[in-house]
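Structure record follows, encoded as structure tokens.
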There are 2 protein chains.
Amino acid sequence: MVTIGDVARVAGVSRSTASYALSGKRSISPEVREKVEEAVRNLGYTPNAGAKALATSQTKVLGLLARFLEDEFAPAMLQYILGVTNRAREAGYDTLLLTDEDGVAALKRISDSRMVDGFILLNVAENDDRLDILRSAAQPGSLVGLPGDPSGIDVFDLDFVAAGRLMVETLHELGHRSLILVSQPEHVLERGGAYVWRLANAAQQRAAELGIELHHHFGSSSQPEIGIELERLLDEHPSATGLLLNNEAAAAALPNVLHSRGLSAPADISVIGRYSDDFARTFSLPYSAIDSAADELGRRAVERLVSRIDGTADAETTVVDLLAPRIDDRGSTAVPPTRH
Amino acid sequence: MVTIGDVARVAGVSRSTASYALSGKRSISPEVREKVEEAVRNLGYTPNAGAKALATSQTKVLGLLARFLEDEFAPAMLQYILGVTNRAREAGYDTLLLTDEDGVAALKRISDSRMVDGFILLNVAENDDRLDILRSAAQPGSLVGLPGDPSGIDVFDLDFVAAGRLMVETLHELGHRSLILVSQPEHVLERGGAYVWRLANAAQQRAAELGIELHHHFGSSSQPEIGIELERLLDEHPSATGLLLNNEAAAAALPNVLHSRGLSAPADISVIGRYSDDFARTFSLPYSAIDSAADELGRRAVERLVSRIDGTADAETTVVDLLAPRIDDRGSTAVPPTRH
DNA sequence: CACTGTCGTCGAACCGGTTCGATTCGAACC
DNA sequence: GGTTCGAATCGAACCGGTTCGACGACAGTG
């Protein structure tokens, strides 16, 4: 392979001069710089990443810890992965993808071996055991997903409290007075998906404040169970005119459920979901929904992480950046039908 | 950070002895080995990856080049990514995920900087411009997806020719004499997805050999267009009793199409798809289908690549490993209905 | 003209590992 | 008892970069 020594020899200068000519960290005469650059071009020189890492203590690689949970909608994760990877590349970083079952071990191993300059943790749980390791790691990290105790770490997530309120308020303003909220299964909660609680509690509280009904249900995450549950919910609460879905499987099942009952949205019932844009496209779901903003969260997490690595960011203060929810209007909400 | 020098000092030996004690490449007295191991434990020593890479010319990282095409079902890609990443980890390798638009540039950059020991290329096209770079790269590579000219490189893919034949034969044996095959859109072909052709041609040829009808159609890849096309196809070919789907969007749309016509599979029509197991689960699709075997292909590609890196594999011969298709029976095929 | 400062370059050291002789020592062999 | 051999260890060199300190040349200053 071609080393900086080869470049130096061809350009007729010392290795250090070649290095300075390329980095620009000391002044170099125009002639020498040109000779070095020409040698680089002719030889096709690319610095050896390992050597560079050893010398500079910077690898220009970020560690991306994905956490795949059984029976979660995996494709959603892909959006986060792509968002992070693409933004990282723009900032000059490559991405080491870690999907190890044991996230703690992976984090420790990669951190100790100095393979990366920083970490992005996806799908962070309420009580995530990776956080302690991250806090004591030599590299900084950004979280995507709000844990119970985010102290000392930068966090990026959708504002699920605001999301719960927004869903309720939107339908309340249209005149709805009885709503059904379908959340993800309780076992998602047990695994630490506290965002389900945050949204549900906020929705319930807001409904109470506004003096309207909200029936909350933890739905299944698989077909056809969730479809059957939806049928039952609609039977049990015939007066409900609005349906809030914080459950991807429920959203996917709803078209058939409505169709079989001869109902349509928004004429008979208004629907607001909470799932990614991409999910909606894949399933061609016609319901207005609060986007998960995976791409945007990934971007923000990376940008913050990079500024921390560069030392640009104030090392003392940490941010908890909760993205304001926004409803992608697909026309599935309207004033409730007038009862005969 | 704690270096091997620290370990050596604490154990009271030289750096080289500490290194040999840990690698086992020279004989070391039991007492010294124990002292070194104890020092490692107490200090929490982990070798510096950059230094190791520099010294050994091995990074223990594989480059994974994903190629995302617009309007392709992205989640399918996730299965490949996970298959590769998990298998790589089992073999002691981490994975650098490269999603750059410009795959050629990414490949060149990573290869030249010696960041990885080998490459896995996903979604390889018929005439893939990354292959030339890969052939001249210092590191070996494995392809997932069969290009037109695979010479000199190991390839892993589903056997789409066999898949086309299998679909036709399966329904022929049940007594079907008129089939419809829905492929992916033609522009997938233009981008190099020749597997669509391979399957369709094989199916058509096999149908001709068996003397039965096969109506071939390039379907859209988006809703609701594909649903409308399916309706039209069923109208145009009322005698068809079998439906072969090499088009994910078509498979997703089919339940509603059949439902609206009052048809059900397999009583009225037999259906065989060609999509991943995971896709079927996500959409709760009730059709028998040939699995994409993303996980298995990823595993094989990694195993071969690792043996090539290790020098275990015969460097001269390259393999083209086409996985035999298998139908996951979900009960959507039966003898055709008897005409009244 | 001597002094100071800046520019441009070089050699050497360093980052943290691995690996190649060389050396010492004790046991085995003739 | 001298030779040979293998085991165990050490020091030094090397991998390919970066960076520090030194130094010569040259311009500006008093």
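Since the structure is predicted, the reported quantities are computational estimates derived from the model, not experimental observations. Proteins come first, then strands; the chains are lettered A, B, ... in the order of their sequence lines, and each starts at number 1.
- The closest side-chain heavy-atom distance from A/Val40 to A/Asn42 is not below 4.5 Å.
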Exercise. Step by step, would you call A/Asp94 with A/Arg89 a salt bridge (Lys or Arg N to Asp or Glu O under 4.0 Å)?
Worked result: CA-CA 6 Å; A/Asp94 285 299; A/Arg89 189 79 273 285; 3.4 Å; yes
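- For B/Val13, counting side-chain heavy atoms from C-beta on, the closest listed nucleotide (D/dG16, D/dC10, C/dT9) is D/dC10.
- Rounded to an integer number of Å, the gap from A/Leu22 CG to C/dT9 P is 13 Å.
- The pair B/Arg41-B/Glu34 meets the salt-bridge criterion, with a side-chain N (NZ, NE, NH1 or NH2) lying under 4.0 Å from an Asp/Glu carboxylate O.
- For B/Ser29, no side-chain nitrogen or oxygen approaches OP1 or OP2 of D/dA8 to under 4.0 Å.
- When distances are taken from the side chain of B/Ser27 to each of D/dT19, D/dA7, C/dG17, the shortest belongs to D/dA7.
- A donor-acceptor contact under 3.5 angstrom links the side chains of B/Asn86 and A/Thr99, judged on distance only.
- Rounding to whole angstrom units, CG of residue A/Leu54 and C1' of D/dT18 are separated by 10 Å.
- Within 4.0 Å (heavy atoms only), A/Ser16 reaches at least one base atom of the nucleic acid.
- Listed nucleotides: C/dT18, D/dG16, D/dG11. Nearest to the side chain of B/Ser19: C/dT18.
- Here D/dG17 presents its P atom at 17 Å from CD of A/Gln58, a figure rounded to the nearest Å.
- Contact between the side-chain N/O atoms of B/Lys25 and the OP1/OP2 oxygens of C/dT18 is not found at any separation under 4.0 Å.
- One finds no side-chain N or O of A/Lys52 lying less than 4.0 angstrom from the OP1 or OP2 phosphate oxygen of D/dG16.
- A/Asp6 places its CG atom 13 Å from the C1' atom of D/dG17, with the value rounded to the nearest Å.
- Side-chain contact annotation: A/Ser111 with A/Gln139, donor-acceptor N/O pair under 3.5 Å present.
- Mapped onto DNA chain C by nearest heavy atom, B/Ile4 and A/Ile28 fall at different nucleotides, with A/Ile28 at the one closer to the 5' end.
- B/Thr3 comes within 4.0 angstrom of the backbone, heavy atoms only, and of no base.
- Positionally, the nearest nucleotide of DNA chain D for A/Ala51 lies more toward the 5' end than for the other of A/Ala51 and A/Arg26.
- With distances taken from any side-chain atom of B/Arg15 to the nucleotides C/dG17, D/dT9, D/dG11, the minimum falls on C/dG17.
- Between B/Tyr45 and C/dG17 there is a side-chain N or O to OP1 or OP2 distance below 4.0 Å.
- Between the OH atom of A/Tyr20 and the C1' atom of D/dG16 there is a distance of 15 Å, given to the nearest Å.
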